[in-house]
Amino acid sequence: MILTIVYLLIALLFFFYSLYLYQFGSRIKKGMYLNSEEETTLAFSKLKLFFKLWGIITIIIILFYVLIFVITIAGGILGASRM
């Protein structure tokens, strides 16, 4: 059950990555074809959202790794002190 929830969360995350990239691609194509500055600006706002999401997820993963490292060190120290 937990694994299913994790996979659904990952799928949801990748859906938003794909959505932002698709919106960027379609709007930049339309903006270049019509020579529209407004469409091009909207396209780059979608690209900005994509990289903002990418940065937030990267920070969360790095913090998760640091937390695992700290817990592992604390567990090793606690285990060594009990011997």
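Atom set for the values below is all heavy atoms of this structure, side chains included, hydrogens, waters and symmetry mates excluded.
Linking ILVMFWY residues whenever their side-chain heavy atoms come closer than 4.5 Å, directly or via other members, places Ile28 and Trp54 in the same cluster. Under the 4.5 Å side-chain contact rule for hydrophobic residues, Leu49 and Leu53 share a cluster.
Under a 4.5 Å side-chain heavy-atom criterion applied to ILVMFWY residues, the cluster that includes Phe69 comprises Ile73, Ile77 as well.
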For residues 39-48, which side-chain donor-acceptor pairs fall under 3.5 Å, sequence neighbours excluded?
residue: Thr40; atom: OG1; partner: Ser36; partner atom: O; Å: 2.9
residue: Thr41; atom: OG1; partner: Glu37; partner atom: O; Å: 2.8
residue: Ser45; atom: OG; partner: Leu42; partner atom: O; Å: 2.6
residue: Lys46; atom: NZ; partner: Gln23; partner atom: OE1; Å: 3.4

Considering only distance and modelled atom types, tabulate donor-acceptor pairs under 3.5 Å from the side chains of residues 4-17, sequence neighbours left out.
none

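Rounding to the nearest 0.5 angstrom, the gap separating the CZ atom in Phe24 from the CZ atom in Phe51 is 8.5 Å. Thr58 OG1 to Ile61 CD1: the interatomic distance, rounded to the nearest 0.5 Å, is 6.0 Å. Here CD1 of Ile68 is found 11.5 Å from CG of Leu63. Values are rounded to the nearest 0.5 Å. Here Arg27 contributes atom CZ and Glu38 contributes atom CD; the two are 9.0 Å apart, rounded to the nearest 0.5 Å.
The ring-ring contact (aromatic ring centres under 6.0 Å, His included) check on Phe64 picks up nothing, with sequence neighbours excluded. In this structure Ser81 satisfies the side chain to side chain contact (heavy atoms under 4.5 Å, CB included) test together with Leu78, sequence neighbours excluded. Evaluation of the side chain to side chain contact (heavy atoms under 4.5 Å, CB included) rule for Ile71 yields Leu67 as partners, not counting sequence neighbours.
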